[in-house]
Amino acid sequence: PLAGYGFYELVGTAWQQSQGLPPASLFGVPALVIQPVRQSPLLVDIGGTRELFQVLPGATDYGSSCGQPRPVLMPRALPRLGAVDFALEVAIEPTAIAAIALSASQGSTPAGSCTVLLGPLADVFLLLTDARGRGRWSLPVPFAAPLLGVTAFAQAGTIRGDGSLMTTQGLQVVVGG
């Protein structure tokens, strides 16, 4: 997962770039990791402090929704490590049973006149929307370093009273620090 990054070791009082894979000593001495896009350093010191908070949390729409009025899937709060208030909220059909699904990948599978924008499903949450058509899935993000940078894809949908399918746009979520 760290391919494409620049690795630097602290040698004495100067930073030296390591060639190829991370040095074996990465887990014993301070190391500086440079990301290719933002060039923002991450200091890793396994001796005590581990600062890995350069990954920005985010939620980005992709694809398009299907149905009228236009259903929408929205994040509530940013998906940060330790965010107890992170949730996915759907605005869809009033007083309906809706589903919010998560996947590790995007997809494109026709479903009637709509498109399922997710790959194989990792989890599905069923909920009942309120009189305004809103429903929420609370997804607290634990403060666990392995989650940093994890990307998930979400989409919501429901079947209307007339039997037609409504789906939201896709939502790509990145856990940040």
Side-chain angles (χ1 to χ4, degrees), residues 1-2 4-5 33 35-40 42 50-177:
L2 294 177
Y5 285 56
V33 181
Q35 298 175 344
V37 175
R38 289 193 312 270
Q39 295 297 314
S40 55
L42 306 176
R50 189 173 179 191
E51 296 182 45
L52 296 174
F53 299 128
Q54 297 299 319
V55 176
L56 297 176
T60 307
D61 292 347
Y62 69 94
S64 52
S65 60
C66 173
Q68 289 299 325
R70 189 174 81 84
V72 179
L73 183 62
M74 307 161 275
R76 289 295 172 228
L78 288 173
R80 296 181 187 277
L81 293 182
V84 296
D85 56 348
F86 177 68
L88 294 175
E89 185 174 307
V90 62
I92 204 160
E93 186 78 1
T95 59
I97 297 172
I100 301 176
L102 291 177
S103 177
S105 63
Q106 292 184 23
S108 181
T109 305
S113 62
C114 299
T115 302
V116 176
L117 300 168
L118 302 176
L121 300 182
D123 201 357
V124 176
F125 181 74
L126 296 176
L127 55 97
L128 182 60
T129 61
D130 63 20
R132 296 177 302 147
R134 296 197 177 226
R136 180 181 288 215
W137 183 12
S138 293
L139 292 163
V141 181
F143 195 87
L147 293 177
L148 190 66
V150 166
T151 299
F153 300 89
Q155 186 178 24
T158 191
I159 298 175
R160 300 178 80 169
D162 65 6
S164 63
L165 179 64
M166 290 180 79
T167 59
T168 65
Q169 85 292 352
L171 189 68
Q172 178 180 345
V173 177
V174 178
V175 177

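Counting all heavy atoms, side chain and backbone alike, I100 lies closest to A156 at CG1-CB, 3.9 Å. Shown here for L148 and G176, the closest heavy-atom pair between the two residues is CD1-C, 3.5 Å. Across all non-hydrogen atoms, the minimal contact from G135 to L127 is CA-CD1, 3.6 Å. P140 and P142 make their closest contact through O-CD, 3.5 Å (heavy atoms, listed as atom of the first residue, atom of the second, distance).
For the pair L147 and L81, the minimum side-chain heavy-atom distance is below 4.5 Å. Using a 4.5 Å cut-off on side-chain heavy atoms (C-beta onward), L88 and F86 make contact.
Interatomic distance, CG of L165 versus CG of D162, reported as 10.5 Å (0.5 Å rounding). Atom CE of residue M166 and atom OG of residue S113 lie 10.5 Å apart, to the nearest 0.5 angstrom. Rounding to the nearest 0.5 Å gives a distance of 9.5 Å between CD of Q155 and CG of L121.
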May I have the list of side-chain donor-acceptor pairs in residues 57-79 shorter than 3.5 Å, sequence neighbours left out?
unit_1 : atom_1 : unit_2 : atom_2 : d
D61    : OD1    : Q169   : NE2    : 3.1
Y62    : OH     : L117   : O      : 2.9
R76    : NE     : E89    : OE1    : 3.2

Donor-acceptor list for residues 90-98 side chains, cut-off 3.5 Å, not counting sequence neighbours:
unit_1 : atom_1 : unit_2 : atom_2 : d
E93    : OE1    : R160   : NE     : 3.2
E93    : OE1    : R160   : NH2    : 3.3

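Counting only residues at least two apart or on different chains, the ring-ring contact (aromatic ring centres under 6.0 Å, His included) pairs with a member in residues 108-141 are F125-W137.
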